[in-house]
Amino acid sequence: MSEADGLRQRRPLRPQVVTDDDGQAPEAKDGSSFSGRVFRVTFLMLAVSLTVPLLGAMMLLESPIDPQALSFKEPPLLLGVLHPNTKLRQAERLFENQLIGPESIAHIGDVMFTGTADGQVVKLEDGEIETIARFGSGPCKTRDDEPVCGRPLGIRAGPNGTLFVADAYKGLFEVNPWTREVKLLLSSETPIEGKKMSFVNDLTVTQDGRKIYFTDSSSKWQRRDYLLLVMEGTDDGRLLEYDTVTREVKVLLDQLRFPNGVQLSPAEDFVLVAETTMARIRRVYVSGLMKGGADLFVENMPGFPDNIRPSSSGGYWVGMSTIRPNPGFSMLDFLSERPWIKRMIFKLFSQETVMKFVPRYSLVLELSDSGAFRRSLHDPDGLVVTYISEVQELF
């Protein structure tokens with residue numbers, strides 16, 4: 001064989017794949033591809049099985065609310081007098097685990113009174129709790145029991161040593177805390193200008209006890225559905241005046257979105273009313289040259305206001321039901337302009353479930369007599385004070 005023939009007979013070396021599975025790589029590759037296809041098909045089927053019922057539910061289920069689009073200004077920055085602090089963590093808890101949902105407070109001398117979620121008006125004295133009145137009956141264990149049980153909300157001390165109480169379901173009452181006598185002043189069943197009162201909320205009383213200014217938060221929604229009232233943005237709330245002598249009732253202001261806490265001015269020339277859904281406080285003039293007029297006392301608050309009570313400085317304390325953080329993210333502000341999301345949420349979730357997403361941030365504001373922010377008290381994580389409905393200063 002010549003050298004040329006030897007060169008022609010050589011074949012180039014081909015790379016070989018060395019495996020440790022005895023040459024079964026093709027089968028393993030095919031098996032891996034098959035498993036991947038099975039996984040993708042299974043995942044797709046699972047996604048479809050979950051998505052189709054969800055979409056069906058969203059299409060077929062009716063939403064309990066018909067929300068309106070609302071517009072808010074950017075919340076005020078939490079700077080200056082609004083700067084976060086931990087002052088509320090210095091609070092002392094009284095009657096802890098002994099009261100269920102106390103809403104409002106009244107004092108007669110050194111004795112304190114409040115209404116609770118189980119339908120009672122109680123006296124708090126010397127560390128003891130004593131029931132002095134109930135406006136309803138039956139079991140009072142859940143929110144569904146409230147219409148029968150009653151739910152005392154706003155409470156005030158009158159000039160004659162009696163208490164004036166607003167019950168969300170029953171109406172306005174006068175209670176003698178010493179004799180336990182209960183007098184119905186105005187029943188919720190009484191239509192006022194053709195509209196029923198479904199959610200009697202807070203009240204404020206003149207010094208002579210003759211006139212009571214109170215809020216009816218909605219003619220559609222009851223107290224047990226207050227979250228639906230907020231989310232829908234219903235504007236059927238009213239501020240009313242009741243004359244204890246003539247027993248006449250007047251509507252002072254209507255088309256309010258969740259009117260809540262009320263407070264008469266020291267001169268008794270105007271009434272402040274918290275419009276919770278709109279994060280503002282309205283002022284309604286009830287005497288003097290501006291009687292019958294109304295304006296904004298403060299708007300674009302850093303939270304959604306609840307009850308209003310006087311401060312020793314001549315201004316007002318406001319308990320905020322929840323905060324509008326800035327910097328931060330306010331869920332209610334975000335949802336206000338997206339009613340379709342609110343419809344979807346309440347198609348799928350209960351009020352109790354939605355409430356779990358409300359931030360545990362407690363905030364109290366003191367306003368000046370002109371509505372300026374004077375100071376603020378915070379508990380950023382709700383460690384000591386979880387939710388606030390009212391602030392009462394003793395002076």
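None of these values were measured; they are calculated from a predicted model.
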Given the rule in the side-chain contact (heavy atoms from CB on, under 4.5 Å) test, do Leu70 and Phe72 qualify, once you have shown the distances and angles that lead to the verdict?
CA-CA 7 Å; Leu70 302 175; Phe72 289 92; 4.2 Å; yes

Lys347 side chain to Leu61 main-chain N or O, any donor-acceptor pair under 3.5 Å?
yes

For Lys87, does its backbone N or O pair with a side-chain atom of Asn85 as donor and acceptor, under 3.5 Å?
yes

Check whether any side-chain N or O of Asp126 sits under 3.5 Å from a backbone N or O of Glu128 as a donor-acceptor pair, and report yes or no.
no

Can a donor-acceptor pair be found, under 3.5 Å and without considering hydrogens, that links the side chain of Thr114 to the backbone of Ile105?
no

Go through the steps for Ile132 and Phe113 under the test side-chain contact (heavy atoms from CB on, under 4.5 Å), then give the verdict.
CA-CA 9 Å; Ile132 61 170; Phe113 302 89; 3.8 Å; yes

Only one of Arg283, Arg280, Lys73 passes salt bridge (charged side-chain N to carboxylate O under 4.0 Å, His left out) with Glu299, and that residue is Lys73

With rounding to the nearest 0.5 angstrom, report the NZ to CG distance, Lys183 to Leu172.
12.0 Å

Should the heavy atoms of other residues, nucleotides or ligands under 6.0 Å from CZ of Arg247 be counted, would the total exceed 12?
no

Classify the angle between the aromatic ring planes of Phe297 and Phe270 as parallel (below 30°), tilted (30 to 60°) or perpendicular (above 60°).
tilted

Do the side-chain N and O atoms of Ser389 and Asn307 include a donor-acceptor pair separated by under 3.5 angstrom?
no

Please tell me whether Phe164 and Phe173 form a close aromatic pair, meaning their ring centres lie under 6.0 Å apart.
no

Hey, is the main chain of Asp202 close enough, under 3.5 Å, to the side chain of Ser104 for a donor-acceptor pair?
no

Distance-only side-chain donor-acceptor flag, Asn176 / Thr162, under 3.5 Å:
no

Under 3.5 Å, is there a donor-acceptor pair linking the side chains of Ser350 and Thr353?
yes

So with a 6.0 Å cut-off around CG of Leu79, is the heavy-atom count from everything else above 12?
yes

Across all chains, not counting sequence neighbours, the ring-ring contact (aromatic ring centres under 6.0 Å, His included) partners of Phe258 are Phe199

With distance as the sole criterion, is a donor-acceptor pair present between the side chains of Glu96 and Gln98 under 3.5 Å?
no

How about Leu227 and Met355: do any of their side-chain heavy atoms sit closer than 4.5 Å?
yes

Going by salt bridge (charged side-chain N to carboxylate O under 4.0 Å, His left out), name the residues that satisfy it together with Arg89, two or more places apart in sequence or in a different chain.
Asp379, Asp381

Atom pair CG (Leu367) and CD (Gln263), whose distance is rounded to the nearest 0.5 Å
11.5 Å

Rounded to the nearest 0.5 Å, how far does CZ of Arg257 lie from CE of Met278?
5.5 Å

Ignoring hydrogens and geometry, is there a side-chain-to-backbone donor-acceptor pair from Ser188 to Gly171 under 3.5 Å?
yes

Determine whether a donor-acceptor pair (N or O, by modelled atom type, separation under 3.5 Å) exists between the side chain of Lys170 and the backbone of Pro147.
yes

Does atom CZ (Phe357) have a neighbourhood of more than 12 heavy atoms from anything else shown, all under 6.0 Å?
no

Answer yes if the ring centres of Phe214 and Tyr242 are under 6.0 angstrom apart, and no otherwise.
no

Side chains of Glu366 and Ser313: donor-acceptor distance under 3.5 Å anywhere?
yes

List the residues meeting salt bridge (charged side-chain N to carboxylate O under 4.0 Å, His left out) with Asp333, not counting sequence neighbours, and say none if there are none.
Arg324

Take Val200 and Asp167, measure what side-chain contact (heavy atoms from CB on, under 4.5 Å) needs, and give me the verdict at the end.
CA-CA 6 Å; Val200 179; Asp167 186 287; over 6 Å; no

Could you go through Arg238 and Asp216, starting from their C-alpha distance and side-chain angles, then the distance that decides it, and tell me whether this counts as salt bridge (Lys or Arg N to Asp or Glu O under 4.0 Å)?
CA-CA 5 Å; Arg238 299 179 289 179; Asp216 174 32; 3.5 Å; yes

If only atom types and distance count, is the side chain of Gln120 paired as donor or acceptor with the main-chain N or O of Thr131 below 3.5 Å?
no

Output, in order, the C-alpha distance, side-chain angles, deciding distance and verdict of side-chain contact (heavy atoms from CB on, under 4.5 Å) for Asp306 and Thr276.
CA-CA 6 Å; Asp306 200 329; Thr276 300; 5.7 Å; no

Any side-chain donor-acceptor pair under 3.5 Å between Thr215 and Ser217?
no

Begin from the C-alpha positions of Glu275 and Arg282 and carry the test salt bridge (Lys or Arg N to Asp or Glu O under 4.0 Å) through to its verdict.
CA-CA 7 Å; Glu275 195 173 11; Arg282 305 282 290 271; 3.2 Å; yes

Between atom CG of Leu82 and atom CG of Leu365, what is the distance when rounded to the nearest 0.5 Å?
6.5 Å

Distance alone, cut at 3.5 Å: any donor-acceptor contact between the side chains of Tyr316 and Asp369?
no

Counting only heavy atoms not in Trp340 (residues, nucleotides, ligands), do more than 12 fall under 6.0 Å from its CH2?
no

For Asp236, what residues pass the salt bridge (charged side-chain N to carboxylate O under 4.0 Å, His left out) criterion, not counting sequence neighbours?
none

More than 12 heavy atoms from other groups under 6.0 Å of CZ on Phe349:
no

From Leu203, Leu240, Val205, Thr206, residue fulfilling side chain to side chain contact (heavy atoms under 4.5 Å, CB included) relative to Tyr213:
Thr206

Short side-chain to backbone donor-acceptor contact, Lys342 and Met231, under 3.5 Å:
yes

For Gln207, I'd like to know if atom CD has over 12 heavy atoms of other residues, nucleotides or ligands within 6.0 Å.
no

Test: Arg309 and Glu390 ion pair at under 4.0 Å
yes

Distance (rounded to the nearest 0.5 Å) between Met301 CE and Met320 CE
4.0 Å

Any side-chain to backbone donor/acceptor pair from Glu337 onto Leu335? Under 3.5 Å, distance only.
no

So Asp118 and Arg151, salt bridge (Lys or Arg N to Asp or Glu O under 4.0 Å) or not? Walk me through it.
CA-CA 7 Å; Asp118 54 356; Arg151 179 55 165 110; over 6 Å; no

Taken to the nearest 0.5 Å, the spacing of Ser218 OG from Leu256 CG works out to 11.0 Å

Quick check on Asp110: does its CG atom have over 12 non-hydrogen neighbours (other residues, nucleotides or ligands) under 6.0 Å away?
no

Qualifying ring pair (Phe, Tyr, Trp, His ring centres under 6.0 Å) pairs with a residue from residues 366-395, counting only residues at least two apart or across chains
Tyr361-His378

Under the side-chain contact (heavy atoms from CB on, under 4.5 Å) rule, collect the residues that match up with Arg143, sequence neighbours excluded.
Glu146, Arg224, Asp225, Gln351, Glu352

Using a distance-only test with no angle check, is there a side-chain donor-acceptor pair under 3.5 angstrom linking Trp221 and Glu232?
yes

Between Arg374 and Ser311, do the side chains contain an N or O donor and an N or O acceptor separated by less than 3.5 Å?
no

